[in-house]
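Working notes for the structure below.
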Amino acid sequence: MGGWIFTDEIVVDGGTRQPVDYVNPFVGTTNYGTTNPGAVCPQGMMSVVPFNVMGAVNGNIDKDSRWWSTPYENKNTYFTGYAHVNLSGVGCPEMGSLLLMPTAGELNVDYMQYGSSYRDEQASPGYYSNYLTKYGIKTEVTATPRTGRARFTFPTGQGNILLNLGEGLTNESGATVRFVSDTEIEGSKLLGTFCYNPDAVFPVYFVMKINKAPKTRGYWKQMRKMGVEAQWDSTSGTRKIYPHYTKEMSGDDVGVWFTFDTAGNEEVEVSMGVSFVSIANARQNLEAEQKGRSFEQLHTAARQAWNDDLGRILVEGGTEEQRRVFYTALYHFLIHPNLLQDVNGQYPAMEGNEIRTAKGNRYTVFSLWDTYRNVHQLMTLLFPDRQLDMVRTMIDMYREHGWLPKWELYGRETLTMEGDPSIPVIVDTWMKGLRDFDVETAYKAMYKSATLPGRDNLMRPDVDDYYSLGYIPLREQYDNSVSHALEYYIADYALSRFAKALGKKEDAELFHNRSMGYKHYYCRQYGTLRPILPDGKFYSPFDPMEGADFAPSPGFHEGNSWNYTFYVPHDVFGLAKLMGGRKNFVDKLQKVFDEGLYDPANEPDIAYPYLFSYFRGEEWRTQKLVKELLARYFTDKPNGIPGNDDTGTMSAWAIFSMMGFYPDCPGTPDYTLTTPVFDKVTLRLDPRYYGKEALIIRKSSPDSDYIREVKLGEKKHAGFRITHEELTRAGELVFEMKENDKK
């Protein structure tokens with residue numbers, strides 16, 4: 001890249017390490033972080049993940065006995081196979097199927113019996129391994145963007161390989177599978193109903209190949225319980241094994257088994273290709289990405305892909321743990337959204353049966369209520385080409401379905417959470433200079449969801465009162481009305497800025513005026529936002545703490561009034577005025593942190609620490625709090641994420657915060673500055689978009705917490721807010737530190 005020379009190495013105590021060496025995939029695998037240590041490539045369709053949440057064995061947390069949304073829990077000990085295609089950091093169960101399991105000895109297809117404890121876990125980007133103590137089998141997996149490869153090292157004797165198509169995290173059931181040859185099978189499995197949306201279902205197609213001919217092979221199927229006919233059929237209610245039938249098998253709970261005679265330390269490899277279009281495409285993906293390549297070659301390629309992406313940011317200084325936290329967060333940030341199109345470009349169109357061909361990359365898993373706050377802002381900065389493809393994907397979804405996505409999953413709209421989150425994502429992207437997409441169609445799509453009446457509005461079904469009153473009244477005890485309205489305000493504010501930039505003055509005024517409607521909810525008695533009843537009066541009896549710890553809350557979704565009161569990022573000064581001025585605002589916001597009212601894993605309040613910096617002389621509070629929150633909630637341990645990572649949202653918060661700036665108002669191309677964790681951060685920029693090949697961030701003293709002044713290049717920068725253009729054009733951002741006092 002021009003005159004810059006990048007080495008992808010970090011110098012530590014005289015030695016060098018690569019960014020990939022700092023990633024710990026076990027971070028976030030307990031404490032409801034819902035990440036996993038499986039093998040995956042950056043933004044890859046395929047992930048191969050150890051599945052250990054099936055069966056209440058040895059104290060295991062069992063997916064079937066409680067709400068559970070991840071294929072792996074670090075404290076569990078009972079392994080039942082590798083799941084193919086999984087979600088990272090989500091709060092609802094889905095995917096996590098095609099469970100591949102090696103066993104030894106007599107064939108057994110009941111997972112409550114064939115599962116095994118394990119030890120010697122190892123995980124790094126693109127690789128996972130363990131040792132099954134029950135069988136003496138070493139298991140290893142790696143991945144390509146659309147395929148997985150497993151390598152099983154067996155002891156002497158009979159070895160078995162099972163593919164369980166009945167179990168997984170999905171709430172859907174039903175699969176079909178057939179033998180193509182002794183060593184190859186193909187089929188499909190139905191997935192979906194994410195967050196219990198009954199219509200959001202879709203098939204995954206697969207082709208699986210084994211590199212050793214089996215001694216025997218067959219199917220199994222869970223038989224229904226029979227009545228009188230059970231007198232002459234001993235398989236009633238059992239998993240029936242089919243040792244001779246090898247045509248096609250279908251059912252809610254079916255599987256395929258292979259048996260082998262294995263020598264000691266004999267390796268058997270299994271390759272899995274998937275597609276969301278067809279079996280033929282799954283086979284083509286497998287051929288294109290694996291043919292002629294060894295396990296080591298696939299692993300090396302995955303590791304290199306990760307190192308290339310992680311190397312977009314190089315850090316110097318900080319502690320070993322801080323570097324591990326940072327690069328692990330960057331790793332988690334780069335898992336979703338992930339590729340949907342096959343190697344031939346085909347993908348399933350949004351909410352339909354049509355198969356289309358993508359011109360660029362087609363993405364899926366848009367957890368937008370989470371990611372519109374910071375993930376797409378970071379993608380815009382580091383990977384502008386990918387962000388543009390994501391925006392183009394969202395606009396194509398509108399063309400195919402009639403709506404921009406809210407929480408899209410493999411071509412289905414799950415309608416999970418609330419708001420109109422595509423709007424701030426697209427506006428933010430455009431405002432930062434990434435404009436190579438169909439702006440006219442994008443605006444048309446936004447205008448549609450911001451103006452149609454509720455009965456016709458998929459994104460905003462409760463919007464009629466919002467249009468006529470400026471707020472949404474509480475019509476049911478727990479209808480999340482305030483949460484919904486706050487999301488609409490933010491979307492409409494972003495849309496107003498977009499309309500103004502496009503010369504649509506009347507639209508801009510309409511949407512801006514709507515975005516100020518949050519003021520209706522402010523209650524002077526409590527100094528917080530408060531639900532409003534249909535008669536215009538405040539809801540009573542009211543307790544701002546009601547809804548803490550995910551308890552039901554009138555007007556608020558997954559939180560209480562304190563989690564939402566300061567969620568007006570587009571009008572911080574207006575909110576401060578409502579509260580009686582700057583001092584009252586700052587005191588009340590400080591109370592949130594002093595009294596433990598801040599939830600680091602709840603999206604509406606994750607930007608709270610940065611709001612202090614809107615007020616001159618209060619920036620030290622941001623600098624102090626961000627440092628404390630990072631140290632308290634983000635570590636390199638399995639519980640090192642404060643809650644669901646939400647497809648990278650918590651990780652993106654940590655990445656921005658550790659670099660020293662944060663995008664606290666979605667849709668606005670500005671950042672708030674804070675103290676960087678590292679002495680030096682080098683961000684590789686794409687000069688096609690930003691005119692520079694790098695941004696270097698430095699701080700003058702590694703031991704100081706507070707900033708004396710900020711320089712852009714050689715020029716002093718006023719205040720602690722900075723525009724995206726100023727940041728990317730600066731070349732160098734220097735934090736001149738002062739002694740550890742706030743004055």
Side-chain angles (χ1 to χ4, degrees), residues 31-32 373 478 480 482-483 486 518-519 521-531 538-569 571-615 617-635 639-644 646 649-650 653-654 657 662 664 672 674-675 705-706 740-743:
N31 190 40
Y32 298 97
R373 304 163 200 272
Y478 302 116
N480 305 325
V482 187
S483 300
L486 289 174
Y518 76 90
K519 297 173 183 178
Y521 288 112
Y522 185 72
C523 173
R524 295 185 185 277
Q525 178 184 353
Y526 289 92
T528 67
L529 302 186
R530 182 177 177 181
F538 281 123
Y539 167 79
S540 185
F542 175 63
D543 177 4
M545 286 297 296
E546 188 174 359
D549 300 320
F550 290 93
S553 176
F556 300 99
H557 191 180
E558 294 184 1
N560 60 32
S561 180
W562 286 112
N563 301 132
Y564 281 91
T565 286
F566 293 90
Y567 191 48
V568 189
D571 193 30
V572 173
F573 295 116
L575 180 60
K577 185 177 180 180
L578 280 180
M579 291 183 170
R582 161 182 162 163
K583 185 179 186 304
N584 286 349
F585 178 96
V586 169
D587 289 347
K588 196 178 297 292
L589 183 56
Q590 187 63 51
K591 172 184 175 179
V592 170
F593 296 95
D594 292 345
E595 298 185 8
L597 306 176
Y598 174 74
D599 184 348
N602 198 15
E603 274 73 5
D605 65 8
I606 58 176
Y608 278 17
Y610 290 93
L611 303 183
F612 292 107
S613 292
Y614 278 79
F615 303 95
E618 304 294 346
E619 303 91 347
W620 66 271
R621 298 178 190 269
T622 294
Q623 295 155 28
K624 179 176 184 290
L625 279 167
V626 170
K627 179 183 179 181
E628 292 174 349
L629 294 169
L630 282 169
R632 185 183 311 161
Y633 294 113
F634 292 88
T635 73
N639 64 352
I641 299 176
N644 292 169
D646 290 328
T649 303
M650 297 299 119
W653 186 93
S657 297
Y662 189 79
D664 50 79
T672 293
T674 191
T675 306
D705 298 334
Y706 299 106
N740 267 333
D741 62 68
K742 63 187 180 184
K743 296 180 181 179

- Item | Minimum heavy-atom distance Met579-Gly527, with the two atoms named | CE-O, 4.0 Å
- Task: Assert yes or no for the condition that the ring centre distance of Phe615 to Phe573 is strictly below 6.0 Å.
- Result: yes
- Query: Can you name the ring-ring contact (aromatic ring centres under 6.0 Å, His included) partners of Tyr526, sequence neighbours left out?
  - Reply: Phe542
- Message: For Met545, is there any backbone N or O sitting under 3.5 Å from a side-chain donor or acceptor partner on Asp543?
- Response: yes
- Message: Going by salt bridge (charged side-chain N to carboxylate O under 4.0 Å, His left out), name the residues that satisfy it together with Arg373, two or more places apart in sequence or in a different chain.
- Response: Glu487
- Item | Under 3.5 Å donor-acceptor, Asp605 side chain and Asp599 backbone | yes
- Item | Derivation of the side chain to side chain contact (heavy atoms under 4.5 Å, CB included) call for Met650 and Asp646 | CA-CA 7 Å; Met650 297 299 119; Asp646 290 328; 4.3 Å; yes
- Message: As an exercise, state the distance from CG of Leu630 to CD of Glu628, rounded to the nearest 0.5 Å.
- Response: 10.5 Å
- Query: Do Tyr662 and Val626 touch side chain to side chain, with heavy atoms closer than 4.5 Å?
  - Reply: no
- Message: Could you check whether any side-chain N or O of Ser483 sits under 3.5 Å from a backbone N or O of His557, counting only pairs where one atom can act as donor and the other as acceptor?
- Response: yes
- Could you tell me the separation between the CD1 atom of Ile606 and the OH atom of Tyr598, rounded to the nearest 0.5 Å? 7.0 Å
Just distance, no hydrogens or angles: give the donor-acceptor pairs under 3.5 Å from side chains in residues 607-614, sequence neighbours left out.
| residue | atom | partner | partner atom | Å |
| --- | --- | --- | --- | --- |
| Tyr608 | OH | Trp562 | O | 2.9 |
| Tyr608 | OH | Asn563 | O | 3.0 |
| Tyr608 | OH | Tyr564 | N | 3.3 |
| Tyr608 | OH | Thr565 | N | 3.4 |
| Tyr608 | OH | Phe566 | N | 3.1 |
| Tyr610 | OH | Ser657 | OG | 2.6 |
| Ser613 | OG | Thr622 | OG1 | 2.9 |
| Tyr614 | OH | Asp664 | OD1 | 2.6 |
| Tyr614 | OH | Arg721 | NH1 | 3.1 |
| Tyr614 | OH | Arg721 | NH2 | 3.2 |

- Any donor-acceptor pair under 3.5 Å from Tyr518 side chain to Leu575 backbone: yes
- Item | Distance (rounded to the nearest 0.5 Å) between Lys624 NZ and Thr675 OG1 | 12.5 Å
- Message: Measuring only between side-chain heavy atoms, which start at C-beta, is Lys588 closer than 4.5 Å to Asn584?
- Response: no
- Message: Once rounded to the nearest 0.5 Å, what's the spacing between atom CZ of Phe556 and atom CG of Leu529?
- Response: 5.5 Å
- Message: Given 3.5 Å as the limit, does a donor-acceptor pair link the side chain of Asn644 with the main chain of Tyr32, or not?
- Response: yes
- Note on the structure: Here the gap from Lys519 atom NZ to Tyr521 atom OH, rounded to the nearest 0.5 Å, amounts to 15.0 Å
Would you be so kind as to tabulate the donor-acceptor pairs closer than 3.5 Å made by side chains of residues 589-597, with sequence neighbours excluded?
| residue | atom | partner | partner atom | Å |
| --- | --- | --- | --- | --- |
| Gln590 | OE1 | Arg621 | NH1 | 3.1 |
| Gln590 | NE2 | Asp594 | OD1 | 3.0 |

- Item | Any residue meeting side chain to side chain donor-acceptor pair (under 3.5 Å) with Asp705, in chain and number order, not counting sequence neighbours | Lys627
- ring-ring contact (aromatic ring centres under 6.0 Å, His included) partners for Tyr539, two or more places apart: none
- Note on the structure: d(Arg530 CZ, Cys523 SG) to nearest 0.5 Å is 4.5 Å
